[in-house]
Amino acid sequence: MTTPQPDPVLAGYRASIDNIDAALIHILAERFRITKAVGTYKAERALPASDPGREEAQIARLRKLAGDAQLDPEFSEKFLRFIIEEVIRHHEQAAGK
C-alpha cells in the first residue's frame, strides 16, 4: 500500500493560511497590550470602562472597511463586538468592578 502524495497546491494554501493565522495572533496580542494600558489609564482616572459612542463609530468604520475589502461586514461586526466585549471586561477588572 502506498501513501498518497500531498497535494502541493493545497499545501501551499495551507502554509499561507498558517502564516496569516500567526500574524492575526500577534496583531491581537499587540492590540490587547494597548487596550490593557488604556484600561489602566481609565481606572487611574475613574473613567468608564466602555465608551458606547466610540464603539459604535468604530463598528461603523470597520464595517465600511470590511465591505471595501470584500469581507462580510456582518462577520466583521461580530468579530469586533467580541473583541470590544473582551476589552471592556478587562477594563472592568482593572477598575476593580
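All heavy atoms count here, side chains included; hydrogens, waters and symmetry mates do not.
Once rounded to the nearest 0.5 Å, the distance linking CG of D18 with OH of Y13 reads 15.0 Å. Between the CD atom of E55 and the CG atom of L80 there is a distance of 9.0 Å, given to the nearest 0.5 Å. Atom OG1 of T40 sits about 8.0 Å away from atom NE2 of H91, to the nearest 0.5 Å. Between the NZ atom in K42 and the OG1 atom in T35 there is a gap of 9.5 Å [rounded to 0.5 Å]. Rounded to the nearest 0.5 Å, atoms CD (Q93) and NZ (K36) are 10.0 Å apart. To the nearest 0.5 Å, atom CG of residue D51 and atom CD1 of residue I84 are 10.0 Å apart.
Checked for salt-bridge contact, E85 and R81 miss the test: no charged N lies under 4.0 Å from a carboxylate O. Taking a cutoff of 4.0 Å between a charged side-chain nitrogen and a carboxylate oxygen, R89 and E92 do not qualify as a salt bridge. One finds a salt bridge joining R63 and E74 here, because a Lys/Arg side-chain nitrogen approaches an Asp/Glu carboxylate oxygen to under 4.0 Å.
In terms of the ring pair (Phe, Tyr, Trp, His ring centres under 6.0 Å) criterion, residue partners of F32 (sequence neighbours excluded) are, by chain and number, H90. Among residues two or more places apart in sequence or in another chain, the side chain to side chain contact (heavy atoms under 4.5 Å, CB included) test is passed with Q5 by none.
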Requested in this report: Mind running side chain to side chain contact (heavy atoms under 4.5 Å, CB included) on L71 and S76 for me, showing each step along the way?
Outcome: CA-CA 7 Å; L71 177 66; S76 65; 4.2 Å; yes
Query raised in the report: Does the pair V87 and V38 meet the rule for a side chain to side chain contact (heavy atoms under 4.5 Å, CB included), with working shown?
Result: CA-CA 10 Å; V87 167; V38 170; over 6 Å; no
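Contact detail for I88 and S50: the closest heavy-atom pair is CD1-CB, 3.5 Å. What you find for A43 and A94 is that their closest heavy atoms are CB-O, 3.5 Å.
The cationic atom of R45 (NZ for Lys, CZ for Arg) lies less than 6.0 Å from the six-membered ring centre of Y41 and within 45° of the ring axis.
Proximity of I83 to R31: side-chain heavy atoms (C-beta onward) are separated by under 4.5 Å at one or more points.
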